[in-house]
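Comments concern the structure below.
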Amino acid sequence: FSISSPPELGALTALAIGPDKNWICSGTSKGYIQLWDIRFPILSGLWRHSSRSTIHRLSTCARLPGDDGSALLQSRSSPGPHLFVAAGNNETAVFDLRDKGEVSPNFCFRVLKTGESNQGCNIVPILSQVQLPNHPRSAIVPLYHSMGNEMMSYS
């Protein structure tokens, strides 16, 4: 089988297969994350990272510490599967893609430079869901959205 990423989403920069081997997540140079069901090679989910920057790395896991009921991370963890997304400015966030709409991270890890203030570290990335078209040959993202502008008009 083959999967084709729509060009309006940017070049593929990262790929991760789900822990159950039934789905693949891909990241792009424009900050999009695509969820593919590889049992029926279809795009089943699409989000855009709030930084709108390149998705550098993706990784998946079935369970996080605390999913088993232990107290380690139980207060903020939900049963998997989870997607680790490295994007933005030296940050990695853990998302549960079973959530619909705007997805907030379960955790966010950042690396600060020596002497750098931690001001602004309370802002966490989100994944905004992008509506998929009904017809498979339709453009997924309108031109103004893929370019990162609020709206572009042509006269």
Heavy atoms, side chains only, cut-off 4.5 Å: are L12 and S26 in contact?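 L12 reaches S26 side chain to side chain.
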So P125 and S51, do their side chains get closer than 4.5 Å, heavy atoms only?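 No, their side chains stay 4.5 Å or more apart.
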Hey, could you give me the [atom1]/[atom2] distance between [X] and [Y], rounded to the nearest 0.5 Å?
X: T60; Y: F84; atom1: OG1; atom2: CZ; value: 9.0 Å
X: Y32; Y: E8; atom1: OH; atom2: CD; value: 8.5 Å
X: L46; Y: L35; atom1: CG; atom2: CG; value: 9.5 Å
X: H56; Y: S29; atom1: NE2; atom2: OG; value: 11.0 Å

Any pair counted as salt bridge (charged side-chain N to carboxylate O under 4.0 Å, His left out), so long as it reaches residues 81-94, sequence neighbours left out: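 Matches after skipping sequence neighbours: E91-R110.
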So which atom in [X] and which in [Y] form the shortest heavy-atom distance, rounded to 0.1 Å?
X: A87; Y: T54; value: CB-O, 3.6 Å
X: P105; Y: A93; value: CB-CB, 3.9 Å
X: P41; Y: I3; value: CB-CG1, 4.4 Å

Quick check on side chain to side chain contact (heavy atoms under 4.5 Å, CB included): which of L127, V85, L83, I126 does W47 satisfy it with?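 Among L127, V85, L83, I126, the one that satisfies the side chain to side chain contact (heavy atoms under 4.5 Å, CB included) with W47 is L127.
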Treating R48 as the side-chain partner and K30 as the backbone partner, does any N or O pair qualify as donor plus acceptor under 3.5 Å?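 Answer holds: yes.
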Could you list the donor-acceptor pairs under 3.5 angstrom formed by side chains in residues 13-24, with sequence neighbours left out?
residue	atom	partner	partner atom	Å
T13	OG1	G27	O	3.3
T13	OG1	I55	O	2.6
D20	OD1	N22	N	3.0
D20	OD1	W23	NE1	3.2

Identify whether I38 and L132 are in the same connected component of the hydrophobic contact network (ILVMFWY, side-chain heavy atoms under 4.5 Å).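 In one cluster with I38: L132, yes.
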